[in-house]
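Scope of the values below: all heavy atoms of this structure, side chains included, with no hydrogens, waters or symmetry mates. The chain is numbered in sequence order, starting from 1.
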Amino acid sequence: MVCDLHTHSRFSFDGSASLEEMSRSAAERGVRILATTDHCDMISGAEGFQSFLDGEQGRLREYAAVKDLFPDLELLYGLEFGNPEYMPEKTEEIMSARHFDFVIGGFHFLSDGSDIYKIGYPDEAFIDWMFEDYFTGMARMAAFGGFDTLAHLDYPLRVLKGKVPTPPSVRKYRDLIEPVLEILVRSDIALEINTRGTYDWQGRVGPEDWVLKCYRELGGRLVTIGSDAHLPRWVGEGFRQAADALRRNGFDSFTVYRDRKPFQIPLDEE
């Protein structure tokens, strides 16, 4: 039961493939459940929520055309909210008028509006400041809620190659991360295992084992798996590594959402 609950098509500002291309790759690679979760970042500008709205009708038409095209693939309709707490009224407006199977929460922008992917990281002190702002803001986003899973908890590591030790770790910020996990558990929000690192420089899934173990010890049981693929060749990538990480840390299932409701899939079915 290989699944991938975090993918981006040409309807994301940083995507280029059609939903049919993403779905065909999923079917060919043995993925059984695929969620399309295009970006809806709650900021102004060309890469913000307006981009999501402008592409909405095309996205819905493409989803309807592809949904039943591959008999062995269950296609779920979702989105990835970026910093929904930054525009609470607009977030509510978007959510109240639409139906999704699955909603991801992603923290992409710091408190001053800086895009984590686009700022420079001149020294260790700046990196420490960034992570403090990032995890403090992530706690606020988790408390705001309204989404089903918290994506890529260690997201900034993607742009810190050569600027942090190898293998990369966020353990240094454990005191900031644990409150985030506590909020997830209290709010019944899942934690995502993001497999992007298996085909990026990190060389592993994220977050690290100690985060998964801590989340479980706090009572967390909901864990989704997603590749964050922006190209067909990465759909479903790293699922086995994610399943192994779950087993190592005491989990016996992973979570899939349909109609915003969680369903547990035993790991022995994957």
| task | Give a yes or no on whether the backbone of M22 and the side-chain of S25 come within a donor-acceptor separation of less than 3.5 Å. | result | no

| task | Please check if any side-chain donor atom of Y86 sits under 3.5 Å from a side-chain acceptor atom of D41, or the reverse. | result | no

| field | Salt bridge present between R98 and E93 (N-O < 4.0 angstrom) | value | no

| request: Please tell me if the side chains of D148 and I104 come closer than 4.5 Å, counting only heavy atoms from C-beta onward. | output: no

| query | Does any N or O in the side chain of Y121 come within less than 3.5 Å of the main-chain N or O of V164, such that one atom is a donor and the other an acceptor? | reply | no

| Any Lys/Arg nitrogen of E132 or K172 sitting under 4.0 Å from an Asp/Glu carboxylate oxygen of the other? | no

| field | Test item: S114 side-chain N/O and L110 main-chain N/O as donor-acceptor pair under 3.5 Å | value | no

| said: Could you check whether any side-chain N or O of N194 sits under 3.5 Å from a backbone N or O of R196, counting only pairs where one atom can act as donor and the other as acceptor? | reply: yes

| task | Check the side chains of E192 and H152 for a donor-acceptor pair under 3.5 angstrom, ignoring hydrogens and angles. | result | no

| remark: Heavy-atom closest pair (R174 atom, P179 atom, distance to 0.1 Å) is O-CD, 4.5 Å

| field | Donor-acceptor contact below 3.5 Å, side chain W201 vs main chain L157 | value | yes

| query | Any ring-ring contact (aromatic ring centres under 6.0 Å, His included) pairs touching residues 15-72, not counting sequence neighbours? | reply | H8-H39, F13-H39, H39-H108, H39-H230, Y63-Y77

| For E237, side-chain hydrogen bond (donor to acceptor under 3.5 Å, both in side chains) partners two or more places apart | R29

| task | Tell me, please, whether F263 has R258 positioned over its six-membered ring: NZ or CZ under 6.0 Å from the ring centre and within 45 degrees of its axis? | result | yes

| query | Is a side-chain donor or acceptor of D54 paired with a backbone partner of E56 at a separation under 3.5 angstrom? | reply | no

| task | Test E47 against K118 for salt bridge (Lys or Arg N to Asp or Glu O under 4.0 Å), laying out the working first. | result | CA-CA 13 Å; E47 296 180 357; K118 297 179 179 179; 3.1 Å; yes

| field | F100 vs M95, side-chain contact (heavy atoms from CB on, under 4.5 Å): CA-CA, chis, key distance, verdict | value | CA-CA 9 Å; F100 299 100; M95 288 301 299; 4.1 Å; yes

| Could you give the distance from CD1 (I189) to OG1 (T224), rounded to the nearest 0.5 Å? | 11.5 Å

| query | Taking a hydrophobic cluster as the set of Ile, Leu, Val, Met, Phe, Trp and Tyr residues connected by side-chain heavy atoms closer than 4.5 Å, whether directly or through intermediates, do I265 and V205 fall within one such cluster? | reply | yes

| Is the shortest side-chain N to carboxylate O distance from E20 to R24 below 4.0 Å? | yes

| For the side chain of R158 and the backbone of Y117, is there at least one donor-acceptor N/O pair under 3.5 Å apart? | no

| Under a single-linkage definition using a 4.5 Å side-chain heavy-atom cutoff for Ile, Leu, Val, Met, Phe, Trp and Tyr, are F239 and L76 assigned to the same hydrophobic cluster? | yes

| Any sub-3.5 Å donor-acceptor pair from Y215's side-chain atoms to L222's backbone N or O? | yes

| remark: Residues A35 and F102: closest non-hydrogen pair is CB-CD2, 4.2 Å

| CG of L73 to CG of L34: how many Å apart, nearest 0.5 Å? | 5.5 Å

| query | Linking I/L/V/M/F/W/Y whenever any side-chain heavy atoms sit under 4.5 Å apart, do L231 and V66 land together? | reply | no

| request: Take E62 and R10 through the salt bridge (Lys or Arg N to Asp or Glu O under 4.0 Å) test and state the conclusion after the steps. | output: CA-CA 11 Å; E62 197 162 303; R10 65 189 182 93; 2.7 Å; yes

| task | Applying salt bridge (Lys or Arg N to Asp or Glu O under 4.0 Å), run through D72 and R32 and close with a yes or a no. | result | CA-CA 6 Å; D72 294 328; R32 299 290 299 279; 5.6 Å; no

| message | Would Q241 and T195 count as a side-chain hydrogen bond (donor to acceptor under 3.5 Å, both in side chains) here? Give the steps. | response | CA-CA 8 Å; Q241 292 93 319; T195 68; over 6 Å; no

| Taking N249 for the side chain and A245 for the main chain, is one N or O donor matched with an acceptor at less than 3.5 Å? | yes

| said: Can you classify the ring geometry of Y134 versus F107 as parallel (below 30°), tilted (30 to 60°) or perpendicular (above 60°)? | reply: perpendicular

| query | Salt bridge check: are D154 and R204 linked by an N-O gap of less than 4.0 Å? | reply | yes

| query | Is the shortest distance from a Lys or Arg side-chain nitrogen in D38 or R59 to a carboxylate oxygen in the other one below 4.0 Å? | reply | yes

